Amino acid sequence: MYEYIKGKIDELSPAMAVIEASQIGYAINISLNTYAALEGKAEAKLYIYEAIREDAFVLYGFSEKSERELFLLLISVSGVGANTARMILSSFSVDELQAIISGENVNQLKAVKGIGLKTAQRIIVDLKDKVGKETNPLGAQIQVNNNREEALTALVLLGFNRSASAKVVDKIIASDPAITLEKIIKEALKQL
């Protein structure tokens, strides 16, 4: 499974990007939001979703992990395929779509080509709780907890004791709750 593909942008259109990485050109389906993020750039890093079917091996790429996560939520809804999810993400930004789903705005979803009333309602019913958690005020706290766990895992893999690492990481996060994962790890390495 690919996490991301990083390389030179060989071709770019509103629906597809060809990224050359290690002398291989990957044709990657993209949304308009990702196209806007890549436009005018020579290199790109796209987070990948692989759709492997009997007749095709298709890559979908996203400029941000949050867009890929929302894509994965959308395709988990019955009746929403990868191309429909890409169309939805081309119509709205990640924040707009989360607000539409949380606010149960069926009419805005219906405005997307290929989305009928039943599909729009199904998307809202299936994803309201999942998206609502990401947009609630505790969202920042959830991110801090994820950063804490990822930092601890990285430090343990580097050979440091877990309990000693946990004390240092907790102290670092307490002093700056908005600190990034990379800064947590760098600061912990200095203190351990």
Side-chain angles (χ1 to χ4, degrees), residues 1-7 14-17 19 21 26-39 41 44-53 57-106 108-109 111-112 114-115 119-154 173 177-185:
M1 173 143 207
Y2 298 119
E3 174 64 16
Y4 65 84
I5 294 176
K6 183 178 180 181
M16 182 176 282
I19 307 294
Y26 295 92
I28 305 169
N29 293 295
I30 59 174
S31 68
L32 287 176
N33 291 323
T34 297
Y35 171 74
L38 297 180
E39 204 170 20
K41 293 185 178 177
K45 176 180 179 179
L46 294 179
Y47 296 96
I48 299 296
Y49 168 74
E50 301 169 81
I52 301 171
R53 304 187 312 242
F57 177 75
V58 184
L59 299 175
Y60 293 89
F62 309 93
S63 60
E64 297 178 9
K65 278 187 176 182
S66 59
E67 188 179 15
R68 180 178 64 179
E69 289 166 9
L70 200 48
F71 175 86
L72 293 173
L73 287 174
L74 286 168
I75 63 173
S76 73
V77 175
S78 176
V80 178
N83 284 325
T84 303
R86 184 172 61 140
M87 182 72 72
I88 294 169
L89 288 168
S90 291
S91 302
F92 307 107
S93 72
V94 170
D95 292 336
E96 288 170 341
L97 186 55
Q98 287 176 334
I100 288 167
I101 294 169
S102 296
E104 298 184 38
N105 195 333
V106 174
Q108 274 194 291
L109 269 180
V112 176
I115 302 291
T119 304
Q121 289 171 334
R122 195 175 308 121
I123 289 170
I124 288 171
V125 168
D126 287 2
L127 301 184
K128 184 178 180 194
D129 290 338
K130 296 174 184 173
V131 169
K133 289 176 185 171
E134 293 172 16
T135 58
N136 74 11
L138 297 175
Q141 186 61 40
I142 291 167
Q143 183 60 44
V144 167
N145 289 341
N146 286 343
N147 285 347
R148 178 186 185 276
E149 288 306 311
E150 288 185 38
L152 282 176
T153 301
I173 292 174
I179 193 167
T180 64
L181 174 62
E182 292 80 13
K183 288 184 180 176
I184 293 170
I185 295 170

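We count residues from 1, following the sequence as given. This one's a predicted model, so the numbers in the text were calculated from it and none came from an experiment.
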From CZ (Phe92) to CD (Gln98), nearest 0.5 Å: 13.0 Å

Listed partners of Ser93 passing side chain to side chain contact (heavy atoms under 4.5 Å, CB included), at least two apart: Asp95, Glu96

Any Leu127 side-chain heavy atom under 4.5 Å of Ser76 side chain: yes

Tyr49 versus Leu72, closest heavy-atom pair with distance: CD1-CD2, 3.4 Å

Mutual orientation of the aromatic rings belonging to Phe57 and Tyr2 [parallel < 30°, tilted 30-60°, perpendicular > 60°]: perpendicular

Val80 to Ala85 - nearest heavy-atom pair and separation: CG1-N, 4.0 Å

Sidechain N-carboxylate O distance under 4.0 Å for Glu3, Arg68: yes

Rounded distance [0.5 Å steps], CD1 in Ile75 versus CG in Asn83: 11.0 Å

Greater than 12 external heavy atoms within 6.0 Å of Tyr4's OH: no

Interatomic distance, Leu70 atom CG to Ile101 atom CD1 [nearest 0.5 angstrom]: 5.5 Å

Where Ser63 and Ala37 come nearest, the two heavy atoms and their spacing: OG-CB, 3.7 Å

Partner residues of Gln108 under the side-chain hydrogen bond (donor to acceptor under 3.5 Å, both in side chains) criterion, sequence neighbours left out: Asn105

Exercise: identify the closest heavy-atom pair between Arg122 and Gly79: NH1-CA, 4.1 Å

Gap between atom CD1 of Ile28 and atom CD1 of Ile48 - 0.5 Å precision: 4.0 Å

Passing candidate, ring-ring contact (aromatic ring centres under 6.0 Å, His included) with Phe62, options Tyr47, Phe71, Tyr35: Phe71

Least distance between heavy atoms, Val106 atom then Ile124 atom: CG2-CD1, 3.6 Å

Asn33 side chain to Leu89 backbone, donor-acceptor under 3.5 Å: yes

Side chain to side chain contact (heavy atoms under 4.5 Å, CB included) between Leu59 and Leu46, intermediate numbers included: CA-CA 10 Å; Leu59 299 175; Leu46 294 179; over 6 Å; no

Side-chain touch Glu69/Leu73, heavy atoms, less than 4.5 angstrom: no

CG on Leu74 to OG1 on Thr119, rounded to 0.5 Å: 11.5 Å

Side chain to side chain contact (heavy atoms under 4.5 Å, CB included) against Ala44, all qualifying residues, sequence neighbours excluded: Ile9, Ile19, Leu38

Least distance between heavy atoms, Ile184 atom then Ala151 atom: CG2-CB, 3.6 Å

Nearest-0.5 Å distance that lies between atom OG in Ser91 and atom CG in Leu32: 7.5 Å

